[in-house]
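The sequence lines fix the lettering, A, B, ..., with proteins before strands; numbering per chain opens at 1.
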Amino acid sequence: MLLSHAITLAEARSHLAALARRAYNDEASAEYERVLLHLDVIHGDYIPGISDVYDEAADILYGIAEHAIEDLVAHGIDALQVELLLDMLDAARAKDVP
Amino acid sequence: MYAENGGQLRAELSTLLRQHRVQQRLGGAGSHTIPETTTTDERRLLGEQIGRYRHSALVWCVQAVRAANPRMNLHGTSTRTRGPAEELRHRLDVAISSSSGLPGLDELSTEQPFAMVESWRQVARAATLGEHDFDAGLGYGRLSQVQCMTLLKDASDVARGLVGLDRRYSNIPGWKPLKEAGWLARAAETCATFAGYDEPDYTIDLRGWQPRRTLVEGPGLPGLVGVLQAQHNLLVHLDEFPDARSLRLILDSQRIVSRDAATLDPRASSDWTDRSSTYLRLIHATNDIGGMVGNGGPAAGEAALAASRIEQVTRAVQAGTDVVDSGPLRHLAQLGREIDERITQVIQQGARERIYFARVPFPRVDKDAAGLVKPTRQRYVPMTADVCQELLELVRDELRPEAEAPRAPKRAAASREELTLALVHRPEPRRAQSGPSM
């Protein structure tokens with residue numbers, strides 16, 4: 001894994017974890033965790049850890065996570081897998097309502 | 001299990017103790033209305049066979065006494081210096097040393113034509129199977145003091161029964177009586193009195209050897225039974241240690257099962273909701289846990305099946321096309337408790353033996369890596385209390401189900417009482433002859 005890939009992946013993971021932590025309800029939180037789990041399954045076990053992120057609004061966290069996942073295509077991740085991840089992320093967002 | 005083997009042993013012994021006129025039961029003479037069907041030689045052979053069956057019961061007794069009171073060296077002791085348990089064990093050893101030997105496998109497994117011999121076969125069979133119990137949770141060190149006393153009392157009562165039958169069988173041709181039967185009877189009675197002072201603890205019946213769980217193979221069963229099938233198979237597969245990724249999949253599935261079970265089971269809804277919430281917190285706490293040791297693939301597969309099946313059942317119930325009985329829901333709750341217990345063990349073992357690791361980000365470049373582009377240095381540290389305090393606390397305080405106090409089986413007290421009554425019973429008096437009245 002190259003450095004740029006690792007940074008992108010760490011960004012996606014960290015923001016997904018932040019979204020899961022601050023979700024409005026348990027269902028949405030579990031859905032974000034499922035996206036994170038799928039992301040880990042795609043990459044195997046050698047992946048960077050989750051870092052603390054700035055306490056931004058959910059929209060900003062979502063945008064960063066989405067952008068980071070989209071960027072994974074440039075690092076050799078299968079485009080179909082990335083689309084599936086984005087779809088799961090979208091489904092989680094749909095449930096994340098107060 | 002001790003309940004089955006010990007119960008069978010006592011039940012058959014009670015039956016034998018209530019049987020009198022032993023010769024007739026072996027086909028011998030005794031009444032002008034019942035013809036003699038066996039010769040003296042045949043009855044002698046039957047007596048020898050009963051002696052072998054009795055040997056099995058004696059061996060069971062001595063093993064039970066050893067499990068309850070394992071004083072190893074009795075050499076140089078005397079009746080005065082030995083305690084009740086040691087004295088019984090010594091007398092049992094003496095009786096066994098001059099007994100006829102164990103029965104063969106054919107004798108144990110072949111049904112006998114005479115009901116009395118068949119009862120003896122069942123006694124020997126229960127005693128032989130019961131020997132496995134002492135190495136599977138019924139040994140000294142695993143039993144409380146009260147349980148030791150209960151086991152000792154059981155062994156003493158069985159020994160008393162054997163001595164009583166020995167006296168009754170003395171007329172069987174060629175019968176070989178127990179050596180020093182009087183001493184054995186006295187030791188057994190003393191030991192039974194000594195062990196019976198306190199209230200017994202019949203939860204001992206729950207101990208002993210149990211068959212291993214096996215997979216419920218075949219196609220998926222319909223409805224909630226299918227969920228039970230998948231949960232059961234998950235529990236079986238969890239015997240194998242799961243890797244970290246599979247563990248996260250299993251945690252997610254259990255959250256879904258709990259969430260939907262809360263809908264299906266209104267009476268235990270709050271319990272299921274709590275379980276679902278606990279699993280969600282576990283999912284959060286494990287999202288940065290790694291570890292490739294173990295094989296959790298089959299368990300994760302069954303977990304996914306359980307989650308998808310319960311979602312189908314919930315949809316069907318909400319649509320009104322299916323109804324759920326209370327029996328399977330109760331079984332589901334029991335399986336859930338067992339899975340919680342196993343997952344607790346897995347996570348604690350993973351932390352203790354450093355199988356699972358917590359990823360800790362180190363924002364440094366690994367200068368030793370090959371190639372022009374250097375990756376970030378990634379370090380894993382064992383999932384110890386310093387790193388994953390939250391996860392280990394969650395597991396310890398919330399996931400581990402409260403241990404219920406074990407309850408003795410319903411038949412436990414009745415089985416013992418039956419044998420005690422059989423030991424002290426007297427045969428019914430013969431019908432009073434109608435004589436001349438004044």
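At a heavy-atom separation below 4.5 angstrom, chain A is approached by no residue within residues 298-320 of chain B. Taking 4.5 Å as the heavy-atom cut-off, the residues of residues 268-284 of chain B that approach chain A are B:L280, B:I283, B:H284, ordered by number. Using a 4.5 Å heavy-atom cut-off against chain A, the contacting residues of residues 224-249 of chain B are B:R245, B:R248, B:L249. At a heavy-atom separation below 4.5 angstrom, chain A is approached by B:D252, B:R255, B:I256, B:R259 within residues 252-263 of chain B.
No more than 12 heavy atoms of other residues, nucleotides or ligands sit less than 6.0 Å from atom NE2 of A:H67. Residue-environment remark: CZ (B:R330) stays at or below the threshold of 12 foreign heavy atoms within 6.0 Å.
Checking side-chain atoms of B:D288 against main-chain N and O of A:I50 turns up a donor-acceptor pair under 3.5 Å.
Ranked by heavy-atom pairs under 4.5 Å with chain B, the list A:L37, A:L36, A:L16 is led by A:L37.
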